[in-house]
Amino acid sequence: MTASVHPHAPAPVHVHYTTTGLDNRKVAIWAFIGSECMLFASLISTYLIYKGRSRVGPFPHDPWTNPLTGQANQGILDIPVTSASTFVLLMSSLAMVLALAAVQNKHLPKRTQGERILGSSQLWLFMTALLGTTFLGFQAYEFTAFVNEGLTIKTNLFGSTFFTLTGFHGAHVTAGVLWLLTLLAIDRRRSLGPADALNVDICALYWHFVDVVWIAIFTLVYLIK
Amino acid sequence: MAHEHVPANPAPVAHGAHTAHGAHEHEHPTAWTYIKVGIILTLITVVEVWAYYIRSFVESRAFVPSLLIMSIAKFIIVVAFYMHLKYDHKLFRWLFTGPLAIAVVTIIALLILFGQIGSNLAAS
Amino acid sequence: MATATAPIHATAHYYHEEPTGVMSWLTTVDHKRIGVLYLYTSLFFFLVGGLEALIIREQLNGPNGTLVSAETYNQLFTMHGTTMIFLGIMPLSAAFFNFLIPLQIGARDVAFPRLNAFSYWVFLLGGIFMNVSWLFAAAPDAGWFGYAPLTTRTYSPGLNIDFWAIGLQILGISSLAAAFNFLTTIINMRAPGMNLMRMPMFTWMSFVVQFLLVLAFPVITIALVFLQFDRLFGTNFYSMAAGADPLLWQHLFWVFGHPEVYILILPAFGLVSEILPTFSRKPLFGYPVMVYSGIVIGFLGFAVWAHHMFAVGMGPIPDTVFALTTMLIAIPTGVKIFNWIATMHGGAVRFTTAMLFGIGLVGLFTIGGISGIMHSSPPADLQQTDTYFIVAHFHYVLFGGSMMGIFGGIYFYFPKMFGRMMNETLGKVHFWLMFIGMNLTFFPMHFAGMYGMPRRIYRYDAGQGFEVFNMMSTWGSRMLAVGMLVFIYNFFRSKMAGPVAGNDPWGAPTLEWSIPSPPPDYNFAQLPTVTSRYPLWDLKAPQLTREVPHTREGDKTTHVEFAGADAGDAKLSSTDRTRQPVAASTGTSARTAARQDWEENRLPSAKALGIPMPLSTIKPLIVAIGIIIMFTGMLLRSHEIAQIQAAGGEGSTMPSVIVILIGAFTLVGSLYWWLLTPLEEHH
Amino acid sequence: MLRPRRLAMAALTAMLALTLAACSQDQPNTTFDPHSDFGGAIDSLWDKLLFWGTLVFVLVEAALIFVVVRYRHREGRPEPKHVHGNTTLEILWTVLPAVILVLIAVPTVKTIFRFQAAAPANALQVNVTGHQWWWEFEYPQYGFRTANELYLPVGRTVNFHLRTQDVLHSFWIPQLGGKRDLITNRTNYLWFTPDSTLGSDVWNGFCAEYCGASHANMKFRAFTIPAAEFERWAAHQKSPAVFGATVPAAGAPGAAPATTPAAGTRTAATPPGAPATATPAAGTAQTPAPATAPTPGAIAALPVSTGQTDASLGFTIPRADYADPKTPIPEGLTFQSGLTGDPERGRQLYFGAGTCVVCHAIAGTQAASPIGPNLTHVGSRTTIAAGLYPNDFEHLARWIKNAPAMKPGIIMPVFGKGLRDPKTNAPGRLDDAQIADIVAYLLALK
Ligand code: HEA
Ligand code: HEA
Ligand code: CUA
Ligand SMILES: [Cu+2]
């Protein structure tokens, strides 16, 4: 072009030039995670603001008497079960990073059995989804148990804030599981390699964030009285 | 990659775009690191739950702070290693910590305003 | 033009043709066309909101007005506020984000073109959703910040609040999607050399705004979710019987609400920061300070929300803290005002319509800002809050600030958007009607308020001393209406038959003026390489920029190269160009001029230049429709619940569940379809 | 380019005219002429804000007009030099505003802490309860309730406890100080001291927080009267004004509260009935009525006339033009003329067919419902329906006949025969004659 053929001719058309050299989707997912911080901040502060303001039981930690049956009950939260589900979610995060690593290192040769196992992206994607589903199972169990003990989303302030907060988290986990299963399906169709690492990475970032949120919820809602 | 075609460009966010990106490939922790991190996280969780069952400790003033510290530790570990913020482009660090800071400050401010903490401050 | 040098073949598809037809609009992913869609839609909603305002004013013209009923009035002011803010100013700003940001940073499109289309369709459908409420005589009526518990089913059994809450929820989705998109675009799509400290001020302010959106909207989303849960599932977030605290809503809303007001003003600030330097023919004074002050305003915006709640009795310490943080904001904002004035100082100020609106913003926003500082003193605010003094404040900042800036932006960028000039004479008439009408409408409200007139009252009694001021306000609003009609006429007439604009009718300094008007779908035949804040000035008037390079220290050269360095030739530097644009404009001559212009510089198509363009697609629209169906289902559910309560427990909520499911499946299905189809065809 | 200057001039003159218009007329609800310590403090704060605000305004606009006029483009002017900024200036106009803000912040913070401190002891306590869309006033130290008309002794601190029955409202008497919101599930506080220099005066009060359909119609009246008269008023309120009963003499045993206001001494400055100061209610300046017991069963057909001491009451009800509602009666809401009504029959209807008793309490009778305003002494009120209409036969009659038409959204049903209730669609049962009887009864409740 007469105008000015300068050294920086536009990049080859099939590659997208970006200012930072980072992929747009990764920038976007981090922005999204930042936004999610405010979302859960609102939910968590609401739970804490209403903590101890319920007019009727059940309460999270303090004992209460059922007005109908007149029987005295303990605080409704079931720490052992939740500890287990918390552990499950943590492990799902571990599986997730292993899945990502496996995808990134697809090209490397696998010598030992161990390397072969560690290197199986399908295995770890599946494990992550499985553990995520297990967590959801625990939550379903917890919710039904609470309903049986007389705590619904309508019962009192605690019920409303608790179910909404943990429910929102559960919804995030569900979305994550669907995402993972989609990746798994693609992986089965055409094995995911380093070229796809970014797609897995983005999903992983989301998944870990959901885990991180649970770390906060577990302490603020379950452990602190 | 695309940005190979353009000169190292002066945009602050672009500083070390290459290096950071390259780093992403090389320094990337091994599966073993991840497993170690997983073990640490598990241990902290065990301690948390354990603490929950020591009545004397629960009564003590140290209970809440220590629980908070432990969960913050877990939080940081996951973000730093599993979300590999530790190794990744610093832009992401800002994109995450900025909003996180505002979120945390907002939570604290709201709790004060509703007298849930430091109730001597707010009249409610 | 650069394009003159491109390979010329006879075959048509080598030439850039504006796609036409309804389908092309429904499926477009071109940020410029989406920007234009935003512009038309939000201008229409602005007129609707204005129409509501006019009725409000006629009702208040005299004491004990009887034009509308109490119920209607309450719907009018609620919808007026909601419409102006969420369907007027925000999308008007979005129109500029869409059209300008990629052009200003030298990109070919936004980071996620299809997401961009999605944002628009959700906004459009959401706006329609909310205004449909008028047809059911159930328009929202709890005020634009809908304080609980008035919004709960106990006190608002009708659908009014559901339309409002669900409508805002829908619009929130649109705003958030757009925000992630522009955030990524600005971070990642800047042309080589366009470093942060060279970004045009509009892009900078938009950048800050995207952060505000990303951080503020989740909060109102949650607040609205609580409200919807209360109304649909009987939760207790705002249920007073269960011991809920009304301040929860207030705090959540204003944690969103105050950043929101800076979301409304900063884009206007950005536009003015483009207009003033151009027509003063002088760089923006204190560019770095302008950037930092914008950032500081954004941050402080999250630390002042409770200044809307000084009357709720938060206690002395919170009152003090929020008073002080609020006052602090005067400093960065003041810096902007002073830098604008300094920009014009020593310049050659040309009174184009755009410039008049720019100057208008500086003058009028200051008034609103000062009254804002008066609110920020809690004890004083106890006399001001919920009176017309507040109404005066926020109209000075919103109309005198945001709208003035946006009108300026429209006059300034119209040539770039549509390739034609707007009529300057009509423009000036419009400006003066707006300027005087605006002051006549809103200045008396200061007095009405301090003389004891509460806001949100559908009538006031005679002999209270409110008559004069309200009469003035009403006359002012009539004047504004005339001004708006002039604008509407000018807009469409100029679009049909305005004189043809070259690349750069104003002699402006930034990248967007280096390319044809309207730009081809690919914007830049070649990605520009930027070495300066004012590349076009470096190019066209080097004699001016020689001593003072328009760059930060450390940047060696002020030399700039970009696609078609010769773009816009002599026209650009000619000074009188700005004062009487192109050919004398009678419709026909202009049209022929247009045709010649078109014949002379036909642009090569993206294909011819081998530039991959995103494929136009209908999928974002379908996803948006899925979302709307889902939310309509919720509305239906609320209706069913009301029915059931009326019938004492009789009835079912099955239909709504079905609708919601249909919506959900449409949504998820089309989303997968969308995500699994590539953005561009492979080459 | 002269045009902008000329038009700017025009705009300026317009504003000037406005300012004149603003100041020329007398403002019954102005916040600039406060009559309490609280209002005074706010006003002096406002003066500072106004001063600095005006200064900033003048400087900024002057600078703006100067540069656009001085540096407007003219042919032959050289192209402007390109300057990029000036650090000294930037610092200057960062610091100057900061200084001004400090000058605003200091008195602000002082005032905040002063009026959010606890109210002084021996303050008169008034429990305000907001309802859609009327006000309930309880005087716990005296043990009675009333509605929509608030009496305050001058010179004595009054401490309001603000609660609401339903949605949010906001309690505001512009001439006596700032507003404070009434918040569900919370109690708010507001206290001030009406200037002891005040005589008998009346002030308009408003609901300042949007509260639904009739937010605009939720007003009230505040009467400031000398302490001694206040005691008589309180005694009168406390006594059951049941139709036909006697009103005990003011200051009769038990009438005065245990806590006789120490602050009352401050009223010594203004003996009861001292000339009212600086208000249009000039008519209120006359000697107080002797605290004689009113004649048994006194029935005046209409409430006290403007500014007259009503012998039957023993205290002055200040009246002023701006406090007399001018709300027009909705068209089509007619009432048969010439009816006077018989209070005794009215009383029976009230407790019988009229079903008024379902919602309205009358002390000393079995009517004790808290749903509607307390009507114990409704006959001695100047307004009805929360300051919306004057309290006279014509308005009361139409009110009872079709209240929802006179005040949108309220729950008080339609009673007029042949009319239907907009909410419940239930038919009205009372003909005009019966309504007239009820009105006669209500007006007898003094
Ligand atoms: C564009 C939107 C916008 C903007 C930019 C602002 C800007 C500001 N606003 Fe305003 N505000 C609203 C929109 C906006 N506001 C709306 C819509 C409401 C009402 C909501 C409702 O109730 O419906 C509201 C209400 C509102 C309130 C609540 C009033 C009440 O309800 O009781 C307060 C209280 O502090 C306030 C303060 C301020 C302040 C201090 C600023 C500052 O940012 C202003 C800073 C600017 C200047 C000060 C002028 C320039 C500075 C100088 C020239 C330097 C020198 C100046 C000094 C030293 C004073 N605003
Ligand atoms: C961007 C924000 C914005 C803008 C631009 C405006 C513009 C105007 N507003 Fe405002 N207003 C608000 C935001 C805004 N407003 C908000 C947030 C509230 C608070 C609501 C609440 O309390 O909840 C409010 C409240 C409000 C009130 C107080 C109501 C009350 O408290 O009772 C009043 C009263 O006069 C008013 C008047 C006006 C007027 C006369 C205009 C004029 O400037 C309008 C000028 C525009 C026109 C005159 C349009 C011309 C139309 C035509 C020519 C017809 C075209 C026909 C069609 C095709 C539709 N507005
Ligand atoms: Cu009560 Cu408004
Ligand atoms: Cu604000």
Side-chain angles (χ1 to χ4, degrees), chain A residues 1-46 49-50 53-56 152-161 163-165 167-168 178 182 186, chain C residues 2 5-6 105 111-112 176 179-181 183-185 187-195 210-211 214-219 221-223 225-226 229-230 233-237 239 241-245 248 251-252 255 524-527 529 561-567 610-612 672 682-683:
Chain A
M1 314 211 156
T2 55
S4 54
V5 184
H6 48 71
H8 336 305
V13 288
H14 55 278
V15 195
H16 276 282
Y17 159 78
T18 70
T19 318
T20 57
L22 303 164
D23 186 280
N24 285 339
R25 287 165 299 167
K26 195 161 171 183
V27 175
I29 190 77
W30 273 108
F32 173 74
I33 288 175
S35 176
E36 290 276 275
C37 288
M38 285 304 275
L39 190 94
F40 281 101
S42 318
L43 285 162
I44 291 175
S45 17
T46 305
I49 284 168
Y50 277 161
R53 292 199 184 188
S54 296
R55 286 185 175 170
V56 299
T152 73
I153 199 168
K154 300 180 180 186
T155 310
N156 55 15
L157 293 175
F158 166 60
S160 299
T161 49
F163 281 111
T164 310
L165 170 56
F168 253 82
L178 288 178
T182 315
I186 300 173
Chain C
T5 67
I105 63 177
F112 306 102
L176 277 170
F180 296 129
N181 202 345
L183 208 55
T184 314
T185 307
I187 290 176
N188 232 17
M189 306 285 282
R190 281 168 290 130
M194 172 63 75
N195 65 37
Q210 306 316 319
F211 277 101
V214 161
L215 295 179
F217 265 77
V219 184
T221 304
I222 289 304
V225 166
F226 292 163
F229 278 21
D230 273 8
F233 311 124
T235 52
N236 304 315
F237 294 99
S239 147
D245 188 338
L248 174 67
H251 279 294
L252 289 181
V255 167
F524 299 87
Q526 269 181 331
L527 284 187
T529 299
E561 296 174 285
F562 53 85
D566 58 335
I611 300 170
Y672 266 89
H682 289 292
H683 346 263

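Per chain, numbering begins at 1; letters A, B, ... match sequence-line order. Keep in mind it's a predicted model, so treat the numbers as computed, not measured.
- Atom-to-atom distance recorded for A/Ile49:CD1 and C/Leu252:CG is 6.5 Å, nearest 0.5 angstrom.
- No side-chain heavy atom of C/Leu183 sits less than 4.5 Å from a side-chain heavy atom of A/Val27.
- For a residue to count as touching a neighbouring chain, one of its non-hydrogen atoms must lie under 4.5 Å from one of that chain's; by this rule A/Phe32 touches chain C with backbone and side chain alike.
- Annotation: maximal heavy-atom pairing with chain A below 4.5 Å, among C/Pro218, C/Ala223, C/Ala111, occurs at C/Pro218.
- Classification of the C/Phe229-A/Phe168 ring pair by plane angle, with boundaries at 30° and 60°, yields tilted.
- A/Ser42 and C/Val219 get closest at one heavy-atom pair: OG-CA, 3.6 Å.
- Of the two parts of C/Ile105, neither the backbone nor the side chain holds a non-hydrogen atom closer than 4.5 Å to a non-hydrogen atom of chain A.
- The candidate with the highest count of non-hydrogen atom pairs below 4.5 Å against chain C, out of A/Ile29, A/Ile186, A/Thr182, is A/Thr182.
- With a 4.5 Å cut-off on non-hydrogen atoms, A/Thr155 touches chain C through its backbone but not through its side chain.
- Under a 3.5 Å cut-off, the side chain of A/Thr20 and the backbone N or O of C/Asn188 do not form any donor-acceptor pair.
- With a threshold of 4.5 angstrom between heavy atoms, C/Phe211 does not approach chain A through any atom at all.
- Taking every heavy atom of both residues into account, A/Thr19 and C/Arg190 meet most closely at OG1-N, 2.7 Å.
- Heavy-atom distances place the side chain of C/Phe112, and not its backbone, under 4.5 Å from chain A.
- Closest heavy-atom contact between C/Phe237 and A/Tyr50: O-OH, 2.7 Å.
- Using a 4.5 Å cut-off on side-chain heavy atoms (C-beta onward), A/Leu43 and C/Phe226 make contact.
- Between the side chain of A/Ser160 and the backbone N or O of C/Asn236 there is at least one donor-acceptor pair closer than 3.5 Å.
- Taking chain C as the reference chain and counting heavy-atom pairs below 4.5 Å, the highest number among A/Arg55, A/Arg25, A/Met38 is found for A/Arg55.
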